[in-house]
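All values reported here derive from a predicted model rather than from experimental measurement.
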Amino acid sequence: MRVVRTLDDLRGARAELAKPVGLVPTMGFLHEGHLSLIRASRQECASVIVSIFVNPTQFGPSEDLGRYPRDLERDLDAIRPYTDIVFAPSVESIYPTGFDSHIDVGSVSQPLEGEARPGHFQGVATVVAKLFNLAQPDCAYFGQKDAQQAAVINQMIEDLNFPVELRVLPTVREGNGLALSSRNVYLSREERAAARVLPTALFAIRDKWRAGENDCGRLVEVGREMIAQEPTIKLEYLSIADTRSLQELPQIQGSALVLLAARVGRARLIDNILLGRE
């Protein structure tokens, strides 16, 4: 495994790799969810590049950029068996003095996380586009937990003709159902126990839908009532949306995404489940 920190070093190392090349973009502090993506890339591609970069442009001014968990040496130890190149650049390498270009993916980035975190997806799309240009991957791996992010990247790939196959893998969960996230480290024992209601609410909506309920308003109310039983949790949104556009649906016909975001103590958690066909 080779660790590179400059753009030129990444380009040089990439030129030596066998194809196909898989890219797994991360912000580090890796958990089993990240490792599932890296292992899948190892199985499906001849070479694997993992980026570790806490991207400042996708954090808002009041968000947790400064305290976002970081442990590069731990991350390197975890991915060593699966990875050919680790790209761990400085902020100055990615955004040099005078940097003034951004990618706005449009309507799919506007609801839900886009409304809650203005500018977030512009930062995500811009850094991923730079990674695509630098690493020249054949496949890129993202997790279903960040479903709207995956939809934004998919739209960008199609619109800008990136020769990259997007691979979105299932959410990895703890034994209690909580979706794995680097921000779970913020949770106290009591908060972690309370947060279990979030996936429980999603699964309850799925069960109600499987029983024949298609009205999204009634399905959302099932989830809201369940989450309200945990007074320490502050629900930001619970939405049933089209799998591609992320626009809210009045009724489910075919497939849909159920997405939520909530504050649990210092942590802001997101989760989702897919209803119907992928």
Side-chain angles (χ1 to χ4, degrees), residues 31-34 36-37 108-109 111-117 120-121 142-152 154 168-278:
H31 51 66
E32 183 59 32
H34 298 108
S36 71
L37 303 180
V108 71
S109 70
L112 305 170
E113 288 299 284
E115 184 175 350
R117 304 177 68 188
H120 170 69
F121 285 122
F142 291 82
Q144 175 66 27
K145 186 184 80 69
D146 297 291
Q148 188 172 10
Q149 174 179 270
V152 168
N154 184 64
V168 182
L169 274 62
T171 300
V172 178
R173 299 183 180 277
E174 298 181 3
N176 61 10
L178 188 65
L180 288 180
S181 169
S182 298
R183 289 184 170 95
N184 288 359
V185 71
Y186 299 155
L187 298 171
S188 68
R189 184 190 302 270
E190 294 76 15
E191 290 165 347
R192 186 178 294 270
R196 290 184 297 182
V197 76
L198 299 176
T200 301
L202 293 176
F203 300 149
I205 291 172
R206 183 179 62 189
D207 291 344
K208 190 75 171 177
W209 169 75
R210 285 176 172 172
E213 180 62 76
N214 290 321
D215 183 88
C216 292
R218 288 193 285 268
L219 290 170
V220 165
E221 191 57 31
V222 168
R224 285 186 173 277
E225 289 178 357
M226 187 164 290
I227 294 169
Q229 296 174 17
E230 285 287 353
T232 60
I233 293 182
K234 299 178 180 179
L235 184 66
E236 290 191 0
Y237 63 75
L238 176 58
S239 175
I240 301 179
D242 180 83
T243 58
R244 186 172 180 86
S245 71
L246 276 298
Q247 296 299 312
E248 284 195 336
L249 297 171
Q251 285 194 324
I252 299 174
Q253 297 177 345
S255 61
L257 271 169
V258 188
L259 308 101
L260 63 75
R263 296 274 180 181
V264 187
R266 294 191 304 154
R268 183 179 184 275
L269 304 180
I270 62 172
D271 200 352
N272 68 85
I273 57 170
L274 182 66
L275 304 182
R277 65 183 186 277
E278 295 189 19

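At least one donor-acceptor pair closer than 3.5 Å links the side chain of Gln148 to the backbone N or O of Val108.
The local environment of CD in Glu115 is sparse, with at most 12 non-hydrogen atoms from other residues, nucleotides or ligands closer than 6.0 Å.
The shortest non-hydrogen separation linking Ala256 to Leu274 is O-CD1, 3.5 Å. Annotation for Asp215 and Gln251: closest pair CA-CG, 4.3 Å, computed over non-hydrogen atoms. Nearest heavy atoms, Ile205 versus Leu219: CG1-O, 3.3 Å. Of all heavy-atom pairs between Arg206 and Ile273, the closest is CB-CD1, 3.6 Å. Here the closest heavy-atom approach between residue Ala261 and residue Leu235 is recorded as O-CD1, 3.5 Å. Residues Ser255 and Leu249 come closest through the heavy atom pair O-CD1, 4.2 Å.
Atom CZ in Arg268 sits 8.5 Å away from atom CZ in Arg183 (nearest 0.5 Å). Distance check, rounded to the nearest 0.5 Å: OH of Tyr186 to CG of Leu269 gives 10.5 Å. Taking CZ of Arg224 as the reference point, atom OH of Tyr237 lies at 12.0 Å (rounded to 0.5 Å). Atom CG of residue Asp271 and atom NZ of residue Lys145 lie 7.5 Å apart, to the nearest 0.5 angstrom. Atom-to-atom distance recorded for Leu246:CG and Leu112:CG is 5.5 Å, nearest 0.5 angstrom. One distance of note links NE2 of His34 with OG of Ser181; it measures 8.0 Å at 0.5 Å rounding.
Val172 has its side chain out of reach of His31: every pair of non-hydrogen atoms, C-beta onward, lies at least 4.5 Å apart. The side-chain heavy atoms of Leu202 and Leu259, taken from C-beta on, include no pair separated by under 4.5 Å. At least one side-chain heavy atom of Ile252 sits less than 4.5 Å from a side-chain heavy atom of Cys216. At a threshold of 4.5 Å between non-hydrogen side-chain atoms, the residues Arg192 and Leu178 count as touching. By the 4.5 Å heavy-atom criterion applied to side chains, Val168 and Asn154 are not counted as neighbours. Between Asn184 and Glu174 there is a side-chain heavy-atom pair separated by less than 4.5 Å.
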Apply side chain to side chain contact (heavy atoms under 4.5 Å, CB included) to the pair Glu113 and Ile270, showing each step before the final yes or no. CA-CA 9 Å; Glu113 288 299 284; Ile270 62 172; 3.7 Å; yes
Determine, stepwise, if the pair Glu191 / Thr232 fulfils side chain to side chain contact (heavy atoms under 4.5 Å, CB included). CA-CA 8 Å; Glu191 290 165 347; Thr232 60; 6.0 Å; no
side-chain hydrogen bond (donor to acceptor under 3.5 Å, both in side chains) evaluation trace for Thr171 with Gln144: CA-CA 5 Å; Thr171 300; Gln144 175 66 27; 5.9 Å; no
Candidate pair Met226 and Thr200, rule side chain to side chain contact (heavy atoms under 4.5 Å, CB included), full reasoning: CA-CA 8 Å; Met226 187 164 290; Thr200 301; 3.6 Å; yes
Kindly indicate, with the supporting measurements, whether the criterion side chain to side chain contact (heavy atoms under 4.5 Å, CB included) is fulfilled by Leu238 and Val258. CA-CA 7 Å; Leu238 176 58; Val258 188; 4.0 Å; yes
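For the residue pair Gln253 and Asn214, no side-chain donor N or O sits within less than 3.5 Å of a side-chain acceptor on the partner.
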